Student: 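If you scroll down you'll find the structure; I have some questions about it.
Being a predicted model, the structure only gives us computed values, none of them experimental.
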Amino acid sequence: MSTVKFTVDGEKISAEKGETVMSACKKHGIDIPKLCQHDAMENVMACRVCIVEVNGEQIQPACGLKVEEDLEIKTETDEIKKYRRMNLELIYRSENHYCMFCESDGDCELQDLMWENGIDYFEHPRLFPDRPIDSSHEHIVIDNNRCIRCGRCVRACEEVVGNQTLAFGGRGLENEIVADADVPLKESTCVSCGMCLQVCPTGAIFNKHSMFKGIKDECDLTESTCLRCSVGCETEIYTRTGHLVEIEGAESEMESGGQLCEMGRFEPLVDRTEKIDDVIYKENETEKEMSLAKGLEKAAEVLDEGDKISAMASGNLTNEVLDSFSEAMRTHGALFDVVGAKRHRFEKEVKRRINMIEGHFIDDITEVMKADHILLYDTSVRDTHPVLASYIRRAAMNGTRLITIDAYEDRFWEHSDISISVESPKTQLTRLINQVVREGKGSIEDLTRVSSILGGLRVHPRDVMQVVKHLEESTYDIIILGSEIIDRWSIRHIFELAKLEGSYLISLNQASNQYIRSLETEGVYEEPDVAYVLAGDEDDQEDMKKLIENADFSIVQASKRSELTEKADLVIPSLTMFEREGTSVNINGEEKEVERVMEPKGELKSEREFFEELAEKR
Amino acid sequence: MAEDKPTVATACMCGCSGCHMSFLDVDEFVKELAELLEFQSSHVIMDIKDIEEVDIGILEGTITNEENVEVAKEMRDNCEILVAWGDCACFGGIMTMRNFEPVEDILEECYIGKSDDESEIPDPEHVPALTEKARGLDEVIEVDAYIPGCPPSADIIRYGLEKLLEGEIPKLDKDKLRY
Ligand code: SF4
Ligand code: SF4
Ligand code: SF4
Ligand code: SF4
Ligand code: FES
């Protein structure tokens, strides 16, 4: 990387060639005012607030200006100040800004700049244009009255989320933010990630659940990790007097652009499920409340009496909780499993059988954006691992060939080059692809041959041949297996294909915490005497439900009421995901900190201590 | 000596008196001020409402009717330095929300649409007619100092007055400017 030297307000600065003046200045602690520029997106030079004087003659936007040797930049000349003021006033007075009752009052980049630049009066009358508000969406409001046309939301939706829902509609002064072909956001292709509202510098896009709950400066900020899926996005959680206000993605995470998804950003804010504060013991159709200590004793007693004991934990817990829970369960002689671990065990077995090396598994999911081909089995990724899905869409938008194989609706249909719908298990199809690959190029050209191999499978032979052809052509292809694939044979054939083709793999399972890969787990008794289920904050898991239905006695430890706790004989409170602290392992195998966002409100303060005590009561 | 003290008059256009209330929040500084300034007339804090010649004229509120126009001009004619207090006076403020509809429609909606049968649109003979648009002061008269805020904080109001007493025109920016 070659460097260049240039001057800013008399100070010599060195920067990387190709860098913009704004970015170079930022690295040296010189903040040039800006509205449309955002580090996660392309520069469009829309606001002209970042203007600087160049070589004593021109005025140019610093966000679009590339550094050059000996450039002379001045950021605060009288002329610059004059034009910056003019631009800001124009931006403000062209729209309908009413700071006194705006949701973003105190949290607004435009307002900050107006104040900073001393705009205490307007040189020209305000315009009062007629602007629409779209509040159709469950979480998001788009209020065009406050929109400054910076285009950050449009670029975020396209470049960061890979979704292209938002665009500028209308003409000239009618220019507005619209969703798709000007439909209500609720009915649009929006995936409800909320990236647009996170980057909007003003009050033009905002979060319905956070509005008027407090400005960021008045909130406490905790940096943590989202534990709703194994992507493990870095979160910034704002609370005020112990209540959740807003959750944002950490924008320092440049690859993700600071994204979160609906599960990570909105669901915790909407969740109104009743919390569990006390131990509930059900006997002869009556519910009895008891202290935590009594509950622990009761649990120990039941465990002691049981012969066949099955313990199952959610995959969304921290390493520490999983460790101490499994430890306690094993001392009580239980078989122990974690939701999502079964899939991992299959995988391990397959790897051993076909002699698959670890090198096939990718340790950085952003690599999908560098692949030239992606073969995606099971498109539920869109809902189970949404930020990974955004990388897949971004890759496809940038020319990566995307092949999707699903039994149901292709949730990437807008982006897939080949979309194959095939009944589960997908094993047969993969086997056929494998066979065609093995038989080599000759058979690729032979349509009837492929048709005959396909037999009764309702897949067009041309599609299969296309898939094979793409795989043959590709130099960097990644195969992604969604978490809904749980049959061994599908996993085996897909892994074999990867081996055959030298493809890389991303293999997903239901657990958010991939610590399950190093935990000792096993299949549990399906009809146990006692089932002990440690639930996370996610919606009920089928496996857990089945287990307690088939148990003679069931203990459910959970933070909130659910079908599980309704059915349990003994309910014990657990911490909520925001009360818990510890570590978690993401899909890349990295250990991440999970910080305590709120102090535990109930009697239970530490799950680890609870389980240690339970282990001692043997 | 009373004659040496700068004289002040304040008045309210179409506003909620919030700026004047905020002014009263300067607490014990009022006492100090009374030593330093001579309040000639004030719509909120004094019985005298007529505007006479003063050094400093302070206006709160938006210009939304013919009376506002008249009073604003009267104040301008009678004062040396004219100060705008609050978002309404500085930029038009919340009152300008009526600018999205024609005046006739608003009157119709308020006095006919949303009232009982006896209600009628006020006669401009008796009640000052609304201007076409709600406007900030400086679209009607010249303004010398702007103290925005909805309302401006007592501290900022005090800062503004102190600057004037020092013979300077207050100019707010950065941490001092809020709206
Ligand atoms: S978007 Fe910003 S500038 Fe506009 S009204 Fe809201 S706070 Fe004020
Ligand atoms: S929420 Fe996400 S997908 Fe929806 S419009 Fe905003 S950025 Fe696009
Ligand atoms: S909605 Fe917000 S981010 Fe989008 S263009 Fe308007 S001001 Fe910019
Ligand atoms: S993608 Fe996964 S980790 Fe990221 S916000 Fe969504 S649920 Fe949380
Ligand atoms: S930040 Fe450079 S033009 Fe907007």
Student: Between I94(B), V143(B), L172(B), which has the largest tally of heavy atom pairs under 4.5 Å with chain A?
Tutor: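 Among I94(B), V143(B), L172(B), the one with the most close pairs to chain A is I94(B).
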Student: Name all pairs fulfilling the ring pair (Phe, Tyr, Trp, His ring centres under 6.0 Å) condition that reach into residues 60-84 of chain B, sequence neighbours left out, sorted by first residue then second.
Tutor: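 Residue pairs with at least one partner in residues 60-84 of chain B: there are none.
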Student: Any idea which donor-acceptor pairs are under 3.5 Å between chain A and chain B?
Tutor:
| residue | atom | partner | partner atom | Å |
| --- | --- | --- | --- | --- |
| Y98(A) | OH | T96(B) | O | 3.4 |
| Y98(A) | OH | T96(B) | OG1 | 2.8 |
| Y98(A) | OH | M97(B) | N | 3.3 |
| Q111(A) | NE2 | Y179(B) | O | 2.8 |
| W115(A) | O | K174(B) | N | 2.8 |
| G118(A) | O | K171(B) | NZ | 3.0 |
| I119(A) | O | Y179(B) | OH | 3.2 |
| D120(A) | OD1 | K171(B) | NZ | 2.9 |
| D120(A) | OD2 | K171(B) | NZ | 3.2 |
| R126(A) | NH1 | F91(B) | O | 3.4 |

Student: More than 12 heavy atoms of other residues, nucleotides or ligands under 6.0 Å from NZ of K216(A): yes or no?
Tutor: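 Result for NZ/K216(A): enclosed.
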Student: Got a sec: does the NZ of K208(A) have more than 12 other heavy atoms crowding it under 6.0 Å?
Tutor: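 It does: K208(A) NZ has more than 12 such atoms within range.
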Student: Taking everything shown except K213(A) itself, do over 12 heavy atoms lie less than 6.0 Å from its NZ?
Tutor: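 Buried by this count: over 12 neighbours within 6.0 Å.
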